[in-house]
Amino acid sequence: MLKKPCLMIPGPTNVPDRVLQAMHRPLINHRGPEYEAMFQRISLALGRVFQTNQPVLVYPSAGTGMMEAAIVNVLSPGDKVLAVSIGVFGDRLAEIATRFGMIVEKIDVPWGHMADPQVLASRLAADNQHEIKAVLITHNETSTGVTNNLQALAAVCSGHPALLIVDAVSSLGAVELKMDEWQLDVVFTGAQKALMLPPGLGFLALSKKAWQAQAVSTSPKYYWDAVLLKKALAKWQNPYTPAVSLLYGLAESLTIIEEEGLAAIFRRHELIGQAIRAGVEALGLRLFAEQAAASNTVTAVVAPKGIEAKKIQKYMREVQGITLAGGQKQLENKIFRIGHLGYVVPTDGLLIIAALEMTLMALGMACPQGKGVTAVQDVLLQGIAAT
Ligand SMILES: *Cc1c(COP(=O)(O)O)cnc(C)c1O
C-alpha cells in the first residue's frame, strides 16, 4: 500500500514546497550583484528573526559547527566557563569547550528538568573574582523535550561580566527569543529545525560585548572566524563560497516567516505543543519533561511498561509511514520523541495522536479508543476560539 511519508522528528524538519521550488534554480556568481542583493535581503530578515541589531553570520555548516564557532570565537584556551547542561546538547557544548582547552565547570541538571535560575544566580554570585568568562546554555534541549526559561536565566547573568552563550538550534524561529532585549551574547541556530530548510546552514550572532571578546580570543580559527564573515558582510558577501542553493531556499523561508509573523509562529508552536502533550497524556502515557518546562517544539514520551520505544517507532514507520525520533544516550529505547517544529500546523497533532493510539492498541496496550484524539480536538477548539 502507498505510504505518504510523514516526518515528525526534531530535525531535519519538513521543508515547504515553496522553499524546495525556490532552490531549484541555476547557480549564480556569489561575487555578483544578484547574489549581493539576495544576501542583503537575507541578512536583514535574519536580524529580525534573531531580534537583534547585530549582524547574523551565515555559515555553510551543521548546527554543531555553530556550537564550535561560538566557543572558538569568543573564548580562549584556559578560560573558565560554566556549562549548564540539561541533556545531550548541553553536554556536547561543554565537550566542545573542553576540547578547545577551556576549563569547564558543569551544572548538570537531571534530564527532563529545566535549569533553575536561582542555582545559576548563586554560582555566579560566588564568583566574586569574575573568573567565569562564559555561561553556556541550551535554550531548548531537543534530547529531553525541555525548554529552559532563557529570559530568567539571562536575567541572573546580567550582574556578572560573563558572556551568555545560547544554543538556540531547536528554538529560534519557533519559540520566543529576544537576543538584544534579553542581553544574550552569542546565539546560534541551524537551518533544518524551525527555519524549514534542508540541513547545511548555520547562523551565529554576537552581541557588542561578544564582539569585544572575539577581538581578543586566542583560539585558533579560520573557517569559523566571525571577523572574516563580518567584513565580507559589509559588501553583502562571504569570505568563501556560500551554500548558494540553500540561500535561495533561505530567502524563501524567511519570506514565509515574515508573512506569518513571529507572534503567530510562536502561537502555532504553542498550540501544537499543547495539543500533542494533551493527546499523549490522554492515551495514558507519561511525558518525559517536567510539566512547567515541556517544549513546544519537541515532545519526549516515556515508552509504556512492556513496550519498547523502538517497537512503537518501527510500527509507526512501517505501517503508518510516520517517522518519529528515538531517545539518545541513556534514553535510548526508553523514550521516543515527536518533533513538531517548523513547517507544522496544530491539526498535524490529530494525525500523530490518532496514529500513536492505533499503534499502542496494535502492540497490545489497553487504550481507550478516541480519547487521545478528543483531547487534541479540545485543545485545538479552545485555541481557535482564543484567536
Ligand atoms: C539539532 C541540534 C544541534 C545540532 O545540530 P546538527 O545540525 O545536528 O549538528 C545542536 N543543538 C540543539 C539544541 C539541537 O537541537
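The residues of the chain are indexed from 1 along the displayed sequence. Ligands are counted one by one from 1 in listed order, and the atoms in each one are counted from 1 as well.
At a cut-off of 3.5 Å, with distance as the only test, no side-chain donor of Arg277 or Thr299 sits close to an acceptor on the other residue. Side-chain contact, Asp225 with Gln214: a donor N or O sits under 3.5 Å from an acceptor N or O. No side-chain N or O of Glu176 forms a donor-acceptor pair with one of Gln151 less than 3.5 Å apart.
Contacts classified as ring pair (Phe, Tyr, Trp, His ring centres under 6.0 Å) and involving residues 117-164 (residues at least two apart or in different chains) are given here: His130-His160.
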Check step by step if salt bridge (charged side-chain N to carboxylate O under 4.0 Å, His left out) holds for Arg25 and Glu252. CA-CA 13 Å; Arg25 263 181 62 196; Glu252 188 63 21; over 6 Å; no

Distances only, to 0.1 Å: what are the N or O pairs between ligand 1 and the protein that fall under 3.5 Å?
unit_1: ligand 1; atom_1: 7 (O); unit_2: Gly63; atom_2: N; d: 2.8
unit_1: ligand 1; atom_1: 7 (O); unit_2: Gln192; atom_2: NE2; d: 2.7
unit_1: ligand 1; atom_1: 9 (O); unit_2: Gly63; atom_2: N; d: 3.3
unit_1: ligand 1; atom_1: 9 (O); unit_2: Thr64; atom_2: N; d: 2.8
unit_1: ligand 1; atom_1: 9 (O); unit_2: Thr64; atom_2: OG1; d: 2.5
unit_1: ligand 1; atom_1: 11 (N); unit_2: Asp167; atom_2: OD1; d: 3.3
unit_1: ligand 1; atom_1: 11 (N); unit_2: Asp167; atom_2: OD2; d: 2.7
unit_1: ligand 1; atom_1: 15 (O); unit_2: Thr142; atom_2: OG1; d: 2.4
unit_1: ligand 1; atom_1: 15 (O); unit_2: Lys193; atom_2: NZ; d: 2.7

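With salt bridges taken as basic N to acidic carboxylate O contacts below 4.0 Å, one links Glu270 and Arg267.
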